[in-house]
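Residue numbering restarts at 1 for every chain, and letters A, B, ... go by the order of the sequence lines.
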Amino acid sequence: MQIITCQARTWLRLWRRCRSISTISNHLQASSNGFEFEHKDKKVDIENLFRLCHSSHVVKRVHALLVVSGTTHSIYVSTRLINLYARHGDLAFARKTFGHIRSKDAYTWNSMIAAYVRTGCCSEASSCFNELISSGEVPPDNYTFPPILKVCESLIDGKKIHCRVLKDGFIWDVFVSASLIHMYSRFGFVADAQNLFDNMPFRDSASWNAMISGFCLNDNVEKALDFVNEMRLKSIRLDPVTVASILPVCAFLGDFLSGIMIHVYVIKHGLEHEVFVCNALINMYAKFGYLQHAQEVFDKMLVKDRVSWNSIISAYEQNENGKSAIRYFRGMQCHGQQPDILTLVSLAACVAQLGDCQNGRLLHGFIIRRAYLMGNIIMGNAVVDMYAKLGILDYARRVFHEMPRKDIISWNTLISGYSQNGLASEATEAFSEMESCVEVTPNQGTWVSVLPAYSHLGALQQGMKIHGRVIKISLHLDTYVGTCLIDMYGKCGRLDTALSLFYEIPRTSSVPWNAIISSHGIHGHSETCLKLFEEMLQDGVNPDHITFLSLLSACSHTGLVDKGQWCFHIMQDKFGIKPSLRHYGCMVDLLGRAGLLEKAYNFINDMTVQPDSSVWGALLAACRTHGNVELAKHASDQLISIDSENVGYYVLMSNIYANVGKWEGVNEMRSSALGRGLKKTPGWSSVEVGNKNDVFYTGNKSHPEHEQIYHKLHALTDKVKRLGYVPDYSFVLQDVEEDEKEHILSSHSERLAIAFALISTPSKSVIRIFKNLRVCGDCHNWTKFVSKISEREIIVRDSNRFHHFKDGSCSCGDYW
DNA sequence: TTAGGGTTAG
């Protein structure tokens, strides 16, 4: 054997040196002994040659060698060549070889059909099968049906094949039956699949596996798990395929115990070195968050394939350890394993997670250089998502528009990208654009992406329209859609609707609880927040870090210092949640707002982590409210050293100086902001009139009805002054004359929006305003008076909270 | 010589 193999190698070496078929032909003739397979044990020798075929290139060499030796006249040899070409993905040569065979046997036809299936050419496989049937040259056999069943495109085609199977009497074959079971499951006819399964006289493990996969394909994962348990009860051995199919089910059902039991089974039955099994174990442990276990399985693997590397990379990515994921990606490359689309998809998520713009661009470049990758929708969507999460929306938009094909997830990714970056108008525009595309139908993800945009804009009418649409398709009771609706109603000032919706949807996860608590929080109903929190605990729902953020923020806005501190402590002591910088920020806000500035400052100094801009920002805002210029200076110095590009800190500090008349300080702040090329964020307010949102900028006179608006504004100010309103000029930043100061205050954008709403909406109707910055104290006071004289309920949502004005007072009780 | 059921994703 060994000698013959060496001869085959020698021939191949010889062939490598030869430039043409004629040269090798001369060598063949020159050889005194002739070519081994011409004389002796022909079959063994050819098989040895075939065994050397590790690529399509070598197959071609061997093929040429066989042509010159005249061996390809044998159907056996030609059919083997078809198989070899197909195994190496060279369909063109498989087809060419098939075409040269004059009289084909069942092996030849079966091999060609399998070659088409293997290379994903489904319609060609069907045509080939039809040709075989119509030619009548040879009848199909039990080997013909499994591959063709795998690729049939409709249930009708599948049933036709089923009839043929029955007619030809191949239903006894377990391979054929498993393929039929799978075919029926694929088209959603799981009852027909089970009928076939039940009537099988003999079943092997693949028959059970086909049924298990059938249940999974038809969203009946519980039944799949039942089947596995039945197999174990009947002592039917679970094979690697069973294990690889059922482990994702355990992860999906959150059934960790079953997952562990399967792992024990794997070890006991010597399956722990099966690549498919290990890959599925890595994925299962990753989904349960047991990275250490996933890592151990990966480390013990004797052979790792691309899926193994992808799985460990994705395990770290899913558990938010992007750095380790990238380390494994490098390891994968060192081991000579080429990345595929799934590797790159995970990497894009890692890069986004790490906020690593530089590597994001590098990754995008890598994908662009392999142009075929961008043709893949999943790849394109992952890149759009990456740029959106990195906050580079221009790139996200560009990649989206350059994608040759887009699906609903592409649109959802773009819409949520805009929403999450605060670009609500862009999100709703993208949604409208999507609506005009006939080829996509909105799904759950679409509503979850667009509703936050309407919430952000305070566009109640638009949000209600979406509510109507989701009711029609029975999605309003979906936890995620329902939560977005609660958030939307909460943010648009309809707390009652939010609450009734909350009690309609499933409340087993923290998600809807967080939404309803936060809705009450922004309206200043902190006592209700705490009651809802108690109810949440009674219902056995575990709070998460978001729940505590909402609670702390609610306590902070209403001055419930003790309750806030209690929340901060139980979060750590009772629920083991480590405070994030956002929690620390809320605590500083809570103490600072209550005037406990020193306590807030000491709290920052006692922090176990480095305070960031949100923490110092909260202290600075509190200093503004309580007029502590000295501490404010310290906080603003810290802020500017952390984030010198944020104009808000300069504005706030200059505001503090202005408040105490330190105009030098104001100028210093202004010039240092200008020196860095920073411009004050222009304030704007929007109001929904009819189905349209009108936007007003401070001092803006470009609105078509600006004359009437200013006229109304002056009339209102005159009236409220008579009622006792006195402008508070401390909210004016500039060092100007008194009447000029009044002019500056009176042109704040929310006042323009309120004046416009008063002249454009029916009397008694509620006015809802959205402001991008915080409402100033003077506008707050002015609006209170306006709500009294106009007999209107005015709801102003600013960047921080809700102000609900009614009959001359505000829901926030003037707690600033 | 040819075949079925399987793991990772936006």
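- The phosphate of B:dG5 (OP1 or OP2) has a side-chain N or O of A:His182 nearer than 4.0 angstrom.
- Contacts of A:Asn199 classified as side-chain hydrogen bond (donor to acceptor under 3.5 Å, both in side chains), with partners at least two apart in sequence or in another chain: A:Asn195.
- Rounded to whole Å, atom C1' of B:dT2 lies 13 Å from atom CG of A:Leu132.
- Between A:Trp309 and A:Phe298, the angle of the ring planes goes over 60°, which puts this pair in the perpendicular group of the 30/60° scheme.
- Between A:Ile148 atom CD1 and B:dT2 atom P there is a gap of 18 Å when expressed in whole angstrom units.
- For the contact set between residues 205-213 of chain A and DNA chain B, defined by any heavy atom under 4.0 Å, the members are A:Ser205, A:Ala206, A:Ser207, A:Asn209, A:Ser213.
- No contact: A:Thr413 has no heavy atom under 4.0 Å from any strand.
- The side chain of A:Asn310 lies closest to B:dT8 when the candidates are B:dG6, B:dA3, B:dT8.
- For A:Ile378, the side-chain atoms get nearest to B:dG10 when compared with the rest of B:dG4, B:dG10, B:dT1.
- Among the nucleotides B:dT7, B:dT1, B:dG6, the one closest to the side chain of A:Val241 is B:dG6.
- Using a 4.0 Å heavy-atom criterion, one finds that A:Asn412 contacts no nucleic acid atom at all.
- Within 4.0 Å (heavy atoms only), A:Val383 reaches no atom of the nucleic acid at all.
- Across all strands, A:Asp305 comes closer than 4.0 Å to no nucleic acid atom at all (heavy-atom distances).
- Judged by atom type and distance alone, A:Asp204 reaches the base of B:dG4 through a side-chain donor-acceptor pair under 3.5 Å.
- Comparing B:dG10, B:dT7, B:dA9 by their nearest atom to the side chain of A:Lys287 picks out B:dA9.
- Residue-level contact check: A:Asp141 touches neither bases nor backbone, having no heavy atom under 4.0 Å from any strand.
- Closest to the A:Ser314 side chain, of the nucleotides B:dT7, B:dG10, B:dA9, is B:dA9.
- In this structure A:Asp305 satisfies the salt bridge (Lys or Arg N to Asp or Glu O under 4.0 Å) test with no other residue, sequence neighbours excluded.
- Separation of the A:Tyr395 and A:His364 ring centroids does not fall under the 6.0 Å cut-off.
- You'll find that the side chain of A:Ile409 is closest to B:dG10, out of B:dT7, B:dT2, B:dG10.
- Side-chain nitrogen and oxygen atoms of A:Gln318 include at least one within less than 4.0 Å of the OP1 or OP2 phosphate oxygen of B:dA9.
- For A:Trp208 and A:Phe197, the ring centers are positioned less than 6.0 Å apart.
- Judged by ring centres under 5.5 Å apart and planes tilted less than 30 degrees, A:Tyr107 fails to stack against the six-membered base ring of B:dT2.
- Nearest nucleotide to the side chain of A:Leu342, out of B:dG6, B:dT2, B:dT8: B:dT8.
- In this structure, A:Lys234 pairs ionically with A:Glu230, as a charged nitrogen and a carboxylate oxygen lie closer than 4.0 Å.
- Taking only side-chain atoms of A:Lys150, from C-beta outward, the nucleotide of B:dG5, B:dA3, B:dG10 with the closest atom is B:dG5.
- Of all nucleotides listed (B:dA3, B:dG10, B:dT2), B:dT2 comes nearest to the side chain of A:Asn83.
- Checked against a 6.0 Å centroid threshold, the rings of A:Phe93 and A:His63 do not count as neighbours.
- For the pair A:Arg118 and B:dA3, the criterion of a side-chain N or O lying under 4.0 Å from OP1 or OP2 is met.
- Picking from B:dA3, B:dT7, B:dG4 the nucleotide with the shortest atom distance to the side chain of A:Val307 gives B:dT7.
- Note on A:Lys406: nothing from the nucleic acid sits closer than 4.0 angstrom, heavy atoms only.
- Remark: A:Arg370 qualifies as a cation-pi partner of A:Phe366 under the 6.0 Å distance and 45° angle criteria applied to the six-membered ring.
- Under 3.5 Å, the side chain of A:Asp239 and the base of B:dG6 form no donor-acceptor pair of N or O atoms.
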